[in-house]
Amino acid sequence: MVITLEQKAELMDIYPRVRAGHSDSTETTRRMVLLYNEIYGAGYKPNTSCTRCLQNILNKIIQLYEENQ
């Protein structure tokens, strides 16, 4: 997946805060969901609390990080 420089910068900032499998804050979770929505054209609400949804988003963020480090 090709991402913009701005998206890559956001990804590099978010990843260390979520790599352990959970977010360090609700703000980081919101940023993660917004980044995911922007890259994949999804429509998740930034304040979603759906555990399955957040796990899928986290897995994709980790995959993106590995592809773009």
Side-chain angles (χ1 to χ4, degrees):
M1 167 89 28
V2 178
I3 60 176
T4 68
L5 290 176
E6 291 82 12
Q7 292 168 334
K8 185 173 181 176
E10 182 73 354
L11 175 64
M12 296 302 153
D13 187 51
I14 291 172
Y15 178 77
R17 301 166 189 248
V18 298
R19 70 173 177 225
H22 62 279
S23 178
D24 66 350
S25 69
T26 55
E27 177 61 22
T28 299
T29 301
R30 186 184 73 74
R31 288 175 55 206
M32 179 180 72
V33 173
L34 289 172
L35 178 62
Y36 178 87
N37 284 345
E38 184 179 326
I39 292 171
Y40 291 101
Y44 289 107
K45 293 182 181 180
N47 61 345
T48 186
S49 60
C50 169
T51 306
R52 180 181 243 175
C53 302
L54 290 171
Q55 187 60 50
N56 288 337
I57 292 169
L58 177 61
N59 290 340
K60 284 294 197 177
I61 292 293
I62 291 169
Q63 180 183 357
L64 271 175
Y65 177 82
E66 291 170 355
E67 293 172 357
N68 290 283
Q69 39 178 333

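Under a hydrophobic-cluster definition in which Ile, Leu, Val, Met, Phe, Trp and Tyr are linked whenever side-chain heavy atoms come within less than 4.5 Å, directly or via other members, Leu34 and Tyr40 are assigned to different clusters.
At a threshold of 4.5 Å between non-hydrogen side-chain atoms, the residues Gln7 and Leu11 do not count as touching. The shortest side-chain heavy-atom distance between Leu58 and Gln55 falls under the 4.5 Å cut-off. A 4.5 Å side-chain heavy-atom check between Arg17 and Arg31 finds at least one atom pair inside the cut-off. Using a 4.5 Å heavy-atom cutoff, the side chains of Val33 and Leu54 are in contact.
Of all heavy-atom pairs between Asn37 and Gly43, the closest is OD1-N, 3.7 Å. Summarising the geometry of Glu66 relative to Gln69, their closest heavy-atom pair is O-CG, 3.7 Å, with the distance given to 0.1 Å.
Looking at Lys8, its side chain does come within 3.5 Å of a backbone N or O of Asn68 through a donor-acceptor pair.
Put simply, OG1 on Thr4 and CD1 on Ile39 are 7.5 Å apart, with the number rounded to the nearest 0.5 Å. Atoms CG and CG, from Leu64 and Asn59 in turn, are 11.5 Å apart once rounded to the nearest 0.5 Å. Taken to the nearest 0.5 Å, the CZ atom of Arg30 stands 9.5 Å off from the CD1 atom of Ile14. Atom CG of Leu35 is separated from atom CD1 of Ile57 by 10.0 Å, given to the nearest 0.5 angstrom.
Tyr44 and Tyr36 have tilted rings, their planes meeting at an angle from 30° to 60° on a 0 to 90° scale.
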